[in-house]
Amino acid sequence: MIRLTDVSRVYTVGGQELRALDHINLTIQTGEYVSIMGPSGSGKSTLLNMLGCLDRPSSGTYELDGQQVGNLSESELAKVRRYRIGFVFQSFHLIKRLPALENIALPLILDGVPHDQARDRARAALDSVGLLKREHHRPNQMSGGEQQRIAIARAIIMDPSHLLADEPTGNLDTKSGTGIVDLLEDLNKRGKTLIVVTHDPEMGKRAKRAVRMVDGRFASDSAQGGA
């Protein structure tokens, strides 16, 4: 479960304070599917960075599965990100010189898993996203939709409980984007908490709960039909 209590994030820009998050209160239950929407500058990406332990609150508290993470050391935060949170980005962030299988296996290898075991687990993850035949292809040999599937397989290789997706269909055509959303939603149905930041109102409607942000605050937070 995620719980933010009275969280603010303030930056200093040109000697002036910029309040990116303004006294946010948010609870997300384990296994929920939540979309976060709002105009540029509304604070949604800052919120996602906070949830992903890429940033810290200026004030307030953040609890992840009962643990307060706001005051953890950098090495402790790295462990939280490694084992409990999977990230899916708009720009894929794949390593260009590595084939699909090695891109997926990399988090395991960095975690000290023997290379053969890491490859076997990566192959299973690759199969789960329907791209086992692409295991030897490098990113520049794959379509955008295929690259995003590789990125999702890498995001779930450590079996995180939470998936955070930042505009996951932003660089994709409609058909590829629909396939990616279907894949993410299938992972949510398997029990993973899914939080998606999107500008796409149609994608936002697919979530079971929609949060809309304006000026660092929640303008609305409502349940909806979802996919």
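Keep in mind that this is a model prediction, so the values were computed, not measured.
Between the side chains of Asn71 and Tyr62, not a single donor N or O lies within less than 3.5 Å of an accepting N or O. Counted by atom type alone, Gln67 and Arg84 present one or more donor-acceptor pairs between their side chains at under 3.5 Å. A donor-acceptor pair shorter than 3.5 Å can be found between the side chains of Asn171 and Gln90. Side-chain atoms of Ser58 and Arg9 form a donor-acceptor pair, as typed in the model, at a separation below 3.5 Å. Using modelled atom types and a 3.5 Å distance limit, the side chains of Ser220 and Ser222 yield no donor-acceptor pair. Side-chain atoms of Glu185 and Tyr33 include a donor-acceptor pair closer than 3.5 Å. No hydrogens or angles considered: a donor-acceptor pair under 3.5 Å links the side chains of Asp173 and Ser176.
In this structure, the side chains of Arg209 and Gln224 stay at 4.5 Å or more apart for every pair of heavy atoms. By the 4.5 Å heavy-atom criterion applied to side chains, Arg119 and Glu102 are counted as neighbours. Looking only at side-chain heavy atoms (C-beta outward), Pro57 and Met50 come within less than 4.5 Å of each other.
Using modelled atom types, no side-chain atom of Glu135 and backbone atom of Pro99 make a donor-acceptor pair closer than 3.5 Å. With Asn103 contributing its side chain and Ile95 its backbone, the two residues share a donor-acceptor pair below 3.5 Å. No donor-acceptor pair closer than 3.5 Å links the side chain of Ser42 to the backbone N or O of Val214. Panel note: side chain Ser143, backbone Glu146; a donor-acceptor pair is recorded below 3.5 Å. Here the side chain of Asp6 pairs no donor or acceptor atom with the backbone of Ile24 at under 3.5 angstrom. No donor-acceptor pair closer than 3.5 Å links the side chain of Asp22 to the backbone N or O of Gly216. Side-chain atoms of Gln148 never come within 3.5 Å of backbone atoms of Gly145 as a donor-acceptor pair (strictly under, hydrogens ignored).
Taking the six-membered ring where the residue is Trp, Phe89 and His93 present perpendicular rings, their angle passing 60° and hence far from 30°.
When all heavy atoms are compared, the tightest approach of Met37 to Gly204 is SD-CA, 3.7 Å. The two residues Pro168 and Val88 have their closest heavy-atom pair at CB-CG1, 4.1 Å. Taking each heavy atom of Gln117 and Val113 in turn, the nearest pair found is CB-CG1, 3.8 Å. A pairwise comparison of heavy atoms in Ile156 and Ser128 identifies CD1-OG, 4.1 Å as the closest pair. Pairing each heavy atom of Met213 with each of Pro39, the nearest pair is O-CD, 3.4 Å.
Taking a 6.0 Å sphere around CG of Asp111, one finds it holds more than 12 heavy atoms contributed by other residues, nucleotides or ligands. Residue-environment remark: CZ (Arg217) stays at or below the threshold of 12 foreign heavy atoms within 6.0 Å.
Rounded to the nearest 0.5 Å, atoms CG (Leu163) and CG (Leu187) are 6.0 Å apart. Here the CG atom belonging to Leu126 is positioned 12.0 Å from the NZ atom belonging to Lys133, to the nearest 0.5 angstrom. Note that CD1 of Ile152 is 13.5 Å distant from CD1 of Ile157, once rounded to the nearest 0.5 Å. Atom CD of Gln147 and atom CG of Asn140 lie 8.0 Å apart (nearest 0.5 Å).
Cation-pi geometry between Arg81 and Tyr83 is not met at under 6.0 angstrom from the ring centre and within 45 degrees of the axis.
One finds a salt bridge joining Lys205 and Glu202 here, because a Lys/Arg side-chain nitrogen approaches an Asp/Glu carboxylate oxygen to under 4.0 Å. Residues Asp186 and Lys192 are not paired through a salt bridge, judged by the lack of any N-O separation under 4.0 Å between the basic side chain and the carboxylate. In this structure, Asp120 pairs ionically with Arg123, as a charged nitrogen and a carboxylate oxygen lie closer than 4.0 Å.
Val34 and Leu194 fall into different hydrophobic clusters, defined by Ile, Leu, Val, Met, Phe, Trp and Tyr side-chain heavy atoms under 4.5 Å apart, directly or through other members. Residues Val211 and Val196 are members of separate hydrophobic clusters, defined by side-chain heavy-atom contacts under 4.5 angstrom among Ile, Leu, Val, Met, Phe, Trp and Tyr. Both Val69 and Leu21 belong to a single network of hydrophobic side chains, linked directly or stepwise wherever heavy atoms of I, L, V, M, F, W or Y lie under 4.5 Å apart. In terms of hydrophobic clustering, with Ile, Leu, Val, Met, Phe, Trp and Tyr side chains grouped at heavy-atom distances under 4.5 Å, Met158 and Leu64 are assigned to different clusters. Following chains of ILVMFWY side-chain contacts shorter than 4.5 Å, one cannot reach Leu26 starting from Met1, and the two form parts of different hydrophobic clusters.
Other residues sharing the hydrophobic cluster of Val10, ordered by chain and number and joined by side-chain separations under 4.5 Å: none, the residue standing alone.
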